[in-house]
Amino acid sequence: MANFSIAQPLSLPRHPTFSNPNQPTTNNERSRHTLSLIDRCADLRQLKQIHAQMVRTGLFNDHYSASKLFAIAALSPFASLDYACKVFDQIPQPNSFTWNTLIRAYASGPDPLRSICVFLDMVSESQCYPNTYTFPFLIKAAAEVSSLSLGQSLHGMAVKSSVGCDVFVANSLIHCYFSCGDLDSACKVFTTIQEKDVVSWNSMITGFVQKGSPDKALELFKKMESEEVKASHVTMVGVLSACAKLRNLEFGRQVCSYIEENGVKMNLTLANAMLDMYTKCGSIEDAKRLFDTMEVKDNVTWTTMLDGFAILEDYEAARDVLNSMPKKDIVAWNALISAYEQNGKPNEALLVFHELQLQKNIKLNQITLVSTLSACAQVGALELGRWIHSYIKKHGIRSNFYVTSALIHMYSKCGDLVKAREVFNTVEKRDVFVWSAMIGGLAMHGCGNDALDMFYKMQEANVKPNGVTFTNVFCACSHSGLVDEAESLFSKMESNYGIVPEDKHYACIVDVLGRSGYLEKAVKFIEAMPIPPSASVWGALLGACKIHANLNLAEMACTRLLELEPRNDGAHVLLSNIYAKSGKWESVSELRKHMRVTGLKKEPGCSSIEINGTIHEFLSGDNEHPMADKVYGKLNEVMERLKSSGYEPEMSQVLQLIDEEETKEQSLNLHSEKLAICYGLISTEAPKVIRVIKNLRVCGDCHSVAKLISQVYDREIIVRDRYRFHHFRNGQCSCNDFW
DNA sequence: TTAGGGTTAG
């Protein structure tokens, strides 16, 4: 028996809703009056007062009255599971209704599995049998925790209890099977329901939408219509969501008219679903019109609108929406951060994150941290990344697979492979994304064999690789010259792993072959492709032609690439470099003229370095930095010192696009990575590692200079270029000059 | 006598 004490003599609540001009006189009337008060309770305090009075007057001994009180304690908006349990313990011999109510309360609580324990107590301790009310709650709990085996067991029990055909039980099972990813079982249950109701259809439609088959959801909706089942507002939410996922504006608009013509009851959720459909389908005008007419808006409304602008990369409008929100929440902030981060604007994402940190009463969640870590990875903001890592530990934020993968990715891309491995090693569970992130990290640092080991360990751990895993593995092979391994794995992708190679995988293999000098083999591989080669396939071949100075093949690859992407500046620059390397200066100038006439610009080289949490960017020949004078002063000193150690500038690296007044050597010295390294030398002390991130591939001269600086100045330098990492130490680079 | 299943943003 729980310990429940009546704290004070009951005084009927003074709350105005409780005043009753006609005081009840008889016992029956008093009971009825008390029961009506239960229904009108506004908070737990009032309920407890009624409880006390019921105990005092003996009304609590009446089973019906006690269970009414209990149901409110367990399920009302102000419910308290703790208190409800105490009330439950006071009820002698609870009946099915009371047990079911307790099961229901637990099933929708924070720990749904506890409802199963209550169910087991009910079966073992009471004379009550589970009925058509019991199973939907239990099955809901199984759905909440996505436990297929539990769902299946409950399904079996329901059948044995002769309630398997009940439409409520069947509908819960459909929902549960979808949640557990067992679409076949969900469909089987659906077909066995003899008298399907609208919820049966809704469960199927919603299930298909949520499990990535919006087309099937729409098919089902059409079938539902043909069977003349009247759609509800929940049906329409599902159907609109399917349209949004399919980006089918035309059908989406028809659905909106359907809702109006068929008198489907509108509510806020449905209006939000319409708004979402318009924004996802790219019709911001429709969205704005609807948004302006909505009298009631919640945070979903605001965030959907914000996201709509973000999709169109209208960040100013998105920002306005955030500013206008009456109560900004973390989801809205996350929407803006991830919009920037996913559209290649990581610096902007970080600025928003810093602003968010200044807000009071808004707690960062996993999504905030994952998006921000990804932005850190892009710009190489290692210090902020570390801060987020310690924030996660300090605030006990539950690390899920997304967070773990994001941390591994951040540490790897910021050049701290040791820390990336540490994160990987300390987690107990790893899914395919975690493994792939680690393989990707090893790949970009040139640890090809370690990456392959990881790939095999992953399979020993019974984790199935996906397309991303293979991309990362091939990338690792490419940077380490592991041609045979890459070819062998590629040939098994479909047969052994069931993954159909995509364009990016073909591009990887061309890269593997090409880098290692097997140019003819790479061409034959392209010719045998079952899908048309994409720009990235030709780009990989072109890159290899540059390394191995194969002019004829380069011209062919570039022509094919430019047929697909006429405005690919990288291709123009690569070809120009190859011409220059072969001394074909006429061709260089023709290409340069072509670029000028067509307004095509070479992406300027840009290198960044993080000092005390601030990212400093340097463009080629940059004078914008406040300490530019000192940087150039340091650069001169460095070059003199290196020359006296025997360094000679690699003029062959000055390949193209030099303005006439510049000398070749000056041009080399203006490279952004040299400026960033020099800034690192003057802003930090040994033995701090100098970490630089460059947007393009590092040039040969800068590579030699970095090696020499690491020796002459005894500083470790880590440079991330567009393709991989270079660790310079004692005059050597981790890439073994193979990049 | 009581009640239940399906709903939108990241």
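Sequence lines set the chain letters: A, B, ... in the order given, protein chains first and strands last, and positions in each chain run from 1.
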Open item on the list: What's F137(A) touching, base or sugar-phosphate or nothing? Going by heavy atoms closer than 4.0 Å.
Closed with: sugar-phosphate

Open item on the list: Taking the minimum atom-to-atom distance to the side chain of D307(A), which one of dA9(B), dA3(B), dT7(B) wins?
Closed with: dA9(B)

Task: Main-chain N/O of Q53(A) paired to T57(A) side chain as donor or acceptor, under 3.5 Å - done: yes

- [ ] Give the nucleotide from the list dG4(B), dT7(B), dT2(B) with an atom nearest to the side chain of T206(A).
- [x] dT7(B)

Task: Short side-chain N/O contact from K297(A) to OP1 or OP2 of dT8(B), under 4.0 Å - done: no

- [ ] With heavy atoms under 4.0 Å as the rule, sort T368(A) into base, sugar-phosphate or nothing.
- [x] nothing

TODO: Ignoring the backbone of F97(A), work out which of dG4(B), dA9(B), dT2(B) is nearest its side chain.
DONE: dT2(B)

- [ ] Take atom CH2 of W99(A) and atom C1' of dT2(B), then tell me their distance rounded to the nearest Å.
- [x] 18 Å

Open item on the list: Could you check whether atom NZ of K216(A) has more than 12 heavy atoms from other residues, nucleotides or ligands sitting under 6.0 Å from it?
Closed with: no

TODO: Might you confirm whether atom CZ of F78(A) has over 12 heavy atoms from other residues, nucleotides or ligands at distances under 6.0 Å?
DONE: yes

TODO: Quick one: label V167(A) by what it contacts on the DNA or RNA (base, sugar-phosphate, nothing), any heavy atom closer than 4.0 Å.
DONE: base

Open item on the list: Base, sugar-phosphate or nothing for D62(A)? Non-hydrogen atoms, less than 4.0 Å.
Closed with: nothing

- [ ] Identify whether a stacking contact exists between Y133(A) and dA3(B), where the ring centres must be under 5.5 Å apart and the planes under 30° apart.
- [x] yes

- [ ] Counting heavy atoms from C-beta on, name the nucleotide in dA9(B), dG4(B), dT7(B) closest to the side chain of V300(A).
- [x] dA9(B)

Open item on the list: From the set dA3(B), dA9(B), dT2(B), return the single nucleotide nearest to any side-chain atom of N100(A).
Closed with: dA3(B)

Task: Short side-chain N/O contact to dG10(B) OP1/OP2 from Q342(A), under 4.0 Å - done: no

Open item on the list: Does N365(A) reach a base, just sugar-phosphate, or nothing at all? Heavy atoms under 4.0 Å.
Closed with: base

Open item on the list: Other residues, nucleotides and ligands only: do more than 12 of their heavy atoms fall within 6.0 Å of OH on Y402(A)?
Closed with: no

Task: Candidates dA3(B), dG10(B), dT8(B) - which lies nearest the side chain of N272(A) - done: dT8(B)

Open item on the list: Tell me if a side-chain donor or acceptor on Q366(A) pairs with a main-chain N or O of R398(A) at a distance below 3.5 Å.
Closed with: yes

- [ ] Could you tell me which non-hydrogen atom of T101(A) sits nearest to which non-hydrogen atom of A71(A), and how far apart they are?
- [x] CG2-CA, 3.8 Å

Task: For atom OH of Y278(A) and atom C1' of dT8(B), their distance in whole Å - done: 15 Å

TODO: Scan K196(A) against the nucleic acid and name what it touches under 4.0 Å (heavy atoms): base, sugar-phosphate only, or nothing.
DONE: nothing

Open item on the list: Does S67(A) contact dT2(B) through a side-chain donor or acceptor facing the base, at a distance under 3.5 Å?
Closed with: yes

Open item on the list: From C-beta outward on T304(A), which listed nucleotide comes closest to its side chain: dT7(B), dA3(B), dA9(B)?
Closed with: dA9(B)

- [ ] Using whole Å, report how far CE of M274(A) lies from P of dT7(B).
- [x] 19 Å

TODO: Using a 4.0 Å heavy-atom cut-off across all strands, classify D166(A) as base, sugar-phosphate, or nothing.
DONE: base

Open item on the list: Using the side-chain heavy atoms of F168(A), tell me which of these nucleotides is nearest: dT8(B), dG4(B), dG10(B).
Closed with: dG4(B)

TODO: In whole angstrom, give the distance that lies between atom CD1 of I205(A) and atom P of dT8(B).
DONE: 13 Å

TODO: Determine if Y64(A) stacks with dT1(B); use a centre-to-centre distance below 5.5 Å and an interplanar angle below 30° as the criteria.
DONE: yes

- [ ] Using atom CG of L138(A) as one end and atom C1' of dG4(B) as the other, report the distance to the nearest whole Å.
- [x] 12 Å

Open item on the list: With a sphere of 6.0 Å drawn around CZ of R114(A), does it hold more than 12 non-hydrogen atoms of other residues, nucleotides or ligands?
Closed with: no

Task: Rounded distance (Å) that lies between atom P of dT7(B) and atom NZ of K245(A) - done: 12 Å

Task: Any N/O donor-acceptor pair, N299(A) side-chain to dT8(B) base, under 3.5 Å - done: no

